[in-house]
Amino acid sequence: VSKNTGKNKYSIFSEDMNQRQIRRMELEKDLRNAQEQEEFFIVYQPKWDSLHNRLTGMEALLRWKHPQLGIVSPGEFIPIAEETGLIIPMTDWILEKVCEQNKIWQQQADIYIPISVNMSARMFECSAFPERIARILADTGLEPQYLELEITESIAMNGIEGTVEQLQQIQQQGVGISLDDFGTGYSSLGSLDEMPVDIIKIDQVFVRNIDHASKQSIISTIIAIAYNLNMEMVAEGVETVEQIQFLQSKGCFIMQGYYYGKPMTVEQMNQWLEQSADQIPLAE
Ligand code: C2E
Ligand code: MG
Ligand code: MG
Ligand code: MG
């Protein structure tokens, strides 16, 4: 390896870092106006009960339509929103929108299911969060059992002080709490039973690699833990019949993934509900 190559590598690397930093700075600047400019929209992904072959819930996922860049993925802008604190007003807006939309589906389509919203750790910095949830529910007239919060293991286990108390207060209102991306974080299995959690979501890495024997053991174990702790469970990222069959054989029946439905806008979801939802074959 010549000295020259090393130098070139270094300069390419630093240029790349520069481009990324520039994009990040631009995204951060534009993110500050995105809510006001109405550039955010919410997509909904079905959660499917594969045992009874029916819709049992939805997850709300945020999308940002940047005027020049097009759709920016949440993987890119959520971390910026978290660092800047913008995530707090954004999430309040999402919660309100989701509760309103859920009420509309109840009234117009006679669909009564919980819809989940992803939470960032920063929501728990302000101890008034449980009160804000209560106010949003009261304002929209949505019964609490039709709202669910998705938290990560790090929020549940070593979130900032007062997080667990706030989660308990939210749970006591009747709002469901689910543990997202389970198995990828650093949660202590020993205290899982003390956490205010009703539902465990098996992360898609395990589902994706379901043909690996070692991943199969992990999924079986997660399902057994959820079952023994009396928690509900949802498998994320379900794309194939093989995955469904394996999950079912282990006792997990609630599925979320492209096999059943991608995240959809309200209009797309309405169409899906009318045309596709009752044609999904029973997996067996
Ligand atoms: P997540 O909460 O674990 O959401 C699941 C992600 O998996 C979504 O990506 C969804 O589109 C994707 N997905 C669902 N089914 C399949 C499948 O069958 N195959 C594959 N390959 N992917 C599937 P998305 O929408 O890009 O969101 C990524 C992450 O961004 C979310 O992961 C969540 O952590 C975060 N996020 C999204 N919306 C929000 C939000 O409103 N607030 C916060 N705080 N975070 C959000
Ligand atoms: Mg989620
Ligand atoms: Mg997840
Ligand atoms: Mg994830």
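These numbers were taken from a predicted model, which means no experiment stands behind them. Indexing begins at 1, ligand by ligand and atom by atom, following the structure's order.
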key: Side chain, backbone, both or neither: Val238 near ligand 1, heavy atoms under 4.0 Å   = backbone
query = Are Asn53 and Trp48 close enough, and set up right, to give a side chain to side chain donor-acceptor pair (under 3.5 Å), and what steps lead you there?
reply = CA-CA 7 Å; Asn53 218 29; Trp48 194 261; 3.0 Å; yes
note = Quick look: Arg208 vs ligand 1, heavy-atom contacts under 4.0 Å, and the answer is neither
request  = With sequence neighbours excluded, give me every ring-ring contact (aromatic ring centres under 6.0 Å, His included) pair touching residues 78-129.
outcome  = Tyr44-Trp105, Tyr112-Tyr146, Phe124-Phe129
request  = Test Glu125 against Arg122 for salt bridge (charged side-chain N to carboxylate O under 4.0 Å, His left out), laying out the working first.
outcome  = CA-CA 5 Å; Glu125 278 174 10; Arg122 299 211 60 173; 2.9 Å; yes
query = So is there a nitrogen or oxygen of Leu62 less than 3.5 Å from a nitrogen or oxygen in ligand 1?
reply = yes
Ligand 1 versus Val43: contacting region, heavy-atom distance under 4.0 Å = neither
inquiry  = Please list, in number order, the atoms of ligand 1 under 4.0 Å from a heavy atom of Asp180.
reply    = 1 (P), 2 (O), 3 (O)
ask   = Heavy-atom contact under 4.0 Å between Ser73 and ligand 1?
value = no
ask   = Which residue from Tyr258, Tyr260, Phe77 reaches closest to atom 23 (C) of ligand 1 through any of its heavy atoms?
value = Tyr258
task = Mind checking side chain to side chain donor-acceptor pair (under 3.5 Å) for Ser178 and listing every partner two or more places apart, or none if nothing turns up?
result = none
task = Assess whether side-chain contact (heavy atoms from CB on, under 4.5 Å) is satisfied between Glu148 and Asp198, documenting all intermediate values.
result = CA-CA 10 Å; Glu148 210 175 279; Asp198 310 291; over 6 Å; no
message = For Lys201, which part has a heavy atom under 4.0 Å from ligand 1: side chain, backbone, both, or neither?
response = neither
ask   = Out of the N/O/S atoms in Glu59, what is the name of the one closest to the Mg ion (ligand 2)?
value = OE2
task = For the atoms OE1 of Glu236 and OD1 of Asp180, give the angle they form at the Mg ion (ligand 3), rounded to 10 degrees.
result = 90°
query = Which atoms of ligand 1 have any heavy atom of Glu236 under 4.0 Å away?
reply = 3 (O), 5 (C)
ask   = Judging by distance only, is a nitrogen or oxygen of Tyr259 under 3.5 angstrom from one on ligand 1?
value = no
request  = Examine Gln256 against ligand 1 and note whether any of their N/O atoms are separated by less than 3.5 Å.
outcome  = no
task = Specify side chain, backbone, both or neither for Arg63, according to which of its non-hydrogen atoms lie closer than 4.0 Å to ligand 1.
result = side chain
Contact (N/O only, under 3.5 Å) between Glu82 and ligand 1 = no
key: the Mg ion (ligand 2) reached by Asn118 (N, O or S, under 2.8 Å)   = yes
task = Would you mind naming the N, O or S atom of Glu150 nearest to the Mg ion (ligand 2)?
result = OE1
message = Side-chain heavy atoms nearer than 4.5 Å, only ILVMFWY residues, links allowed to pass through others: does that put Tyr259 and Ile254 together?
response = no
query = If you check every N/O/S atom of Asp181, which is the one nearest the Mg ion (ligand 3)?
reply = OD1
